[in-house]
2 protein chains.
Amino acid sequence: MDIDPEILFRALGDTTRQRCLVLLQQEGELCVCELTHALDAAQPKISRHLAHLREAGLVSDRREGLWIHYRLNPALPEWVRTVLRATAEGVAGHPPFASDKAALSRMPDRPFSRDWA
Amino acid sequence: MDIDPEILFRALGDTTRQRCLVLLQQEGELCVCELTHALDAAQPKISRHLAHLREAGLVSDRREGLWIHYRLNPALPEWVRTVLRATAEGVAGHPPFASDKAALSRMPDRPFSRDWA
DNA sequence: ACAATATATATCAAGTACCATATATTTTCG
DNA sequence: CGAAAATATATGGTACTTGATATATATTGT
């Protein structure tokens, strides 16, 4: 799989998309309503940014009933994974990324249990 | 030193700036005319993109006579260095990055000798 | 002080990106 | 089939980005 670096970094160049990617990296798989809640953002906004990430090849999606689960695209080249990992580690402690994770874990009635160490 | 990830990735989201950063990473330090030659681009275009990188905190500059040498900002946080290194390694073999390096080494009358293994 | 060279900045037009709101689509359940 | 829930897309407005061209600034040597 090949990723155009211009498309990659333009996709990374928006805070909303960064926050989604960092959460996906930390949580593995999330549906739109979880991201919407974690970021406290309007649903169409999240949906459109996820579409952007999907078109850039960064995430893949999987439907399960009403829900659509997003995850990092498993076919990403290693250097892109390194970029995403370094970024997630670099920003994890700073706002708004730290509170996103907290908000997600506080979400009531999460549609799926995602128990993985 | 702190780098805002949105500013970082927007700076990386342009092919011209990527090419400059990859060359700077490979060569250590380059003046504007070298970058202009390597990318075969107009001088004001290179100058403006370098200004963008400087304002984003990614590069620093040093004047020596008529020339201004640019280099990666030595104060970059480690995660940003990792991002830049992974990117440079990931794209080095692909166009236009590969030919940029070749064009630079073919440049006649390069203003400085930069001998470092 | 003047000319030449390297680099920087200004301007304008064209394209692009983002947000908020409204609306459409898809799936499940009764 | 109709309603409800989750997600996706469309629209319009505003703001940012980019490139090309022209011009300005800074430094050196004569």
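Every chain is numbered from 1 and lettered A, B, ... according to where its sequence line falls, protein lines coming before strand lines.
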Could you pull out all donor-acceptor pairs under 3.5 Å where a side-chain atom in residues 2-13 of chain A meets a protein atom, sequence neighbours excluded?
{"unit_1": "A:Asp4", "atom_1": "OD1", "unit_2": "A:Glu6", "atom_2": "N", "d": "2.6"}
{"unit_1": "A:Asp4", "atom_1": "OD1", "unit_2": "A:Ile7", "atom_2": "N", "d": "3.1"}
{"unit_1": "A:Glu6", "atom_1": "OE1", "unit_2": "B:Thr15", "atom_2": "OG1", "d": "2.3"}
{"unit_1": "A:Glu6", "atom_1": "OE2", "unit_2": "A:Arg10", "atom_2": "NE", "d": "3.3"}
{"unit_1": "A:Glu6", "atom_1": "OE2", "unit_2": "A:Arg10", "atom_2": "NH2", "d": "3.0"}
{"unit_1": "A:Arg10", "atom_1": "NE", "unit_2": "B:Gly13", "atom_2": "O", "d": "3.1"}
{"unit_1": "A:Arg10", "atom_1": "NH2", "unit_2": "B:Gly13", "atom_2": "O", "d": "3.2"}

Quiz: residues 46-56 of chain A side-chain donor-acceptor pairs under 3.5 angstrom, not counting sequence neighbours:
{"unit_1": "A:His49", "atom_1": "ND1", "unit_2": "A:Arg17", "atom_2": "NH1", "d": "3.0"}
{"unit_1": "A:His52", "atom_1": "ND1", "unit_2": "A:Arg17", "atom_2": "NH1", "d": "3.3"}
{"unit_1": "A:Arg54", "atom_1": "NH2", "unit_2": "A:Tyr70", "atom_2": "OH", "d": "3.1"}

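In terms of the side chain to side chain donor-acceptor pair (under 3.5 Å) criterion, residue partners of A:Asp100 (sequence neighbours excluded) are, by chain and number, A:Arg19. Shown here are the ring-ring contact (aromatic ring centres under 6.0 Å, His included) partners of B:Trp67, two or more places apart in sequence or in another chain: B:Phe112. Residues passing the side chain to side chain donor-acceptor pair (under 3.5 Å) test with B:Glu34, sequence neighbours excluded: B:Arg110, B:Arg114. Listed by chain and residue number, nothing satisfies the ring-ring contact (aromatic ring centres under 6.0 Å, His included) test with A:His37 (two or more places apart in sequence, or in another chain).
Counting only heavy atoms from C-beta outward, the side chains of A:Leu30 and A:Leu104 approach each other to under 4.5 Å.
Contact annotation: B:His49 reaches the phosphate of D:dG19 (side-chain N/O to OP1 or OP2, under 4.0 Å).
In this structure, the CG atom of A:Leu30 is 16 Å from the P atom of D:dA6, given to the nearest Å. Atom-to-atom, CG of A:Leu35 to P of D:dT7 comes out at 9 Å; the value is rounded to the nearest Å.
The stretch residues 65-79 of chain B participates, sequence neighbours left out, in these salt bridge (charged side-chain N to carboxylate O under 4.0 Å, His left out) pairs: B:Glu29-B:Arg71, B:Glu78-B:Arg85.
Residues of residues 3-21 of chain B having a heavy atom closer than 4.0 Å to DNA chain C: none are found.
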Can you name the atoms? Protein N/O to nucleotides 4-10 of chain C N/O, anything below 3.5 Å, with the distance.
{"unit_1": "C:dT7", "atom_1": "OP1", "unit_2": "B:Val32", "atom_2": "N", "d": "3.3"}
{"unit_1": "C:dT7", "atom_1": "OP1", "unit_2": "B:Ile68", "atom_2": "N", "d": "3.4"}
{"unit_1": "C:dT7", "atom_1": "OP2", "unit_2": "B:Cys33", "atom_2": "N", "d": "2.8"}
{"unit_1": "C:dA8", "atom_1": "OP1", "unit_2": "B:Tyr70", "atom_2": "OH", "d": "2.6"}
{"unit_1": "C:dA8", "atom_1": "OP2", "unit_2": "B:Ser47", "atom_2": "OG", "d": "2.4"}
{"unit_1": "C:dA8", "atom_1": "O5'", "unit_2": "B:Ser47", "atom_2": "OG", "d": "3.4"}
{"unit_1": "C:dA8", "atom_1": "N7", "unit_2": "B:Gln43", "atom_2": "NE2", "d": "2.7"}
{"unit_1": "C:dA8", "atom_1": "N6", "unit_2": "B:Gln43", "atom_2": "OE1", "d": "3.3"}

